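What follows is a set of notes on a single structure, which appears directly below.
Positions are given from 1, in the same order as the sequence printed here. This one's a predicted model, so the numbers in the text were calculated from it and none came from an experiment.
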Amino acid sequence: MWPPIERGKAEAMSSTIRLAAITFFALVFPATSALAQASGYVRVKIVKAGVIVGAGGGSGVLTYRGRDYPFRVSGLSMGLTAGASVSRLEGRASGIRQVSDFAGTYSAVGAGGAFVGGLGGVHLGNEKGVTIALQGLKAGMEFAANLSGIRISLR
């Protein structure tokens, strides 16, 4: 049979075991920081027109951490652009640390076409590290393969 352990030694051993368990779980299961990047869901409607140089604007909603944030879009494109269209795009925004990171100037490379109806897609990136990948339907008559500068501002 084991000899009885003094009360002070038992409390010290218990504290050591608790500390070891907390340290183990902290290393194995690190807590997610409140500042960790999260992705958001983006829906946007864009109207654009142009011949070589295109211009457009629109509005959308970013759904981020359970809340909706309306925004406005405006921009110019250079490259092969001809016609006019209305696009309804949706996709993911990643690299967001806080909602204000979403607003800013994005550079984009995109392509798409529409003859009455069609498909389009675009990948955007801003100076804060946020990237947006969108795809969806276009209506109108347009063909585009261009480089764009797009400004997103939260309302």
Exceeds 12 heavy-atom contacts within 6.0 angstrom, atom CZ of R155: yes
R88 atom CZ, over 12 foreign heavy atoms within 6.0 Å: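 It does not: R88 CZ has 12 such atoms or fewer within range.
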Taking [X] for its side chain and [Y] for its backbone only, find out whether a donor-acceptor pair lies under 3.5 Å.
X    : Y   : value
D68  : V61 : no
K128 : I96 : no
K48  : G58 : no

Over all atoms of both residues, closest heavy-atom pair of L62 and F71: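 In this case the closest contact between L62 and F71 is N-CE2, 3.6 Å.
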Closest heavy-atom pair and its distance - S153, A103: CA-CB, 4.4 Å
Inter-residue atom distance [X].[atom1] - [Y].[atom2], 0.5 Å rounding:
X    : Y    : atom1 : atom2 : value
S39  : R65  : OG    : CZ    : 9.5 Å
F102 : L154 : CZ    : CG    : 7.0 Å
L89  : R43  : CG    : CZ    : 12.5 Å
E90  : Y41  : CD    : OH    : 3.0 Å
S107 : L124 : OG    : CG    : 8.0 Å

Donor-acceptor side-chain pairing of R151 and T105 below 3.5 angstrom: yes
Results of ring pair (Phe, Tyr, Trp, His ring centres under 6.0 Å) for Y69 - residues two or more places apart only: none
Any side-chain heavy-atom pair of I46 and V86 under 4.5 Å: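 No, too far: nothing below the 4.5 Å cut-off.
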ILVMFWY network linking V99 to I132, side-chain heavy atoms under 4.5 angstrom: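 As far as the 4.5 Å side-chain criterion goes, I132 and V99 are connected within one cluster.
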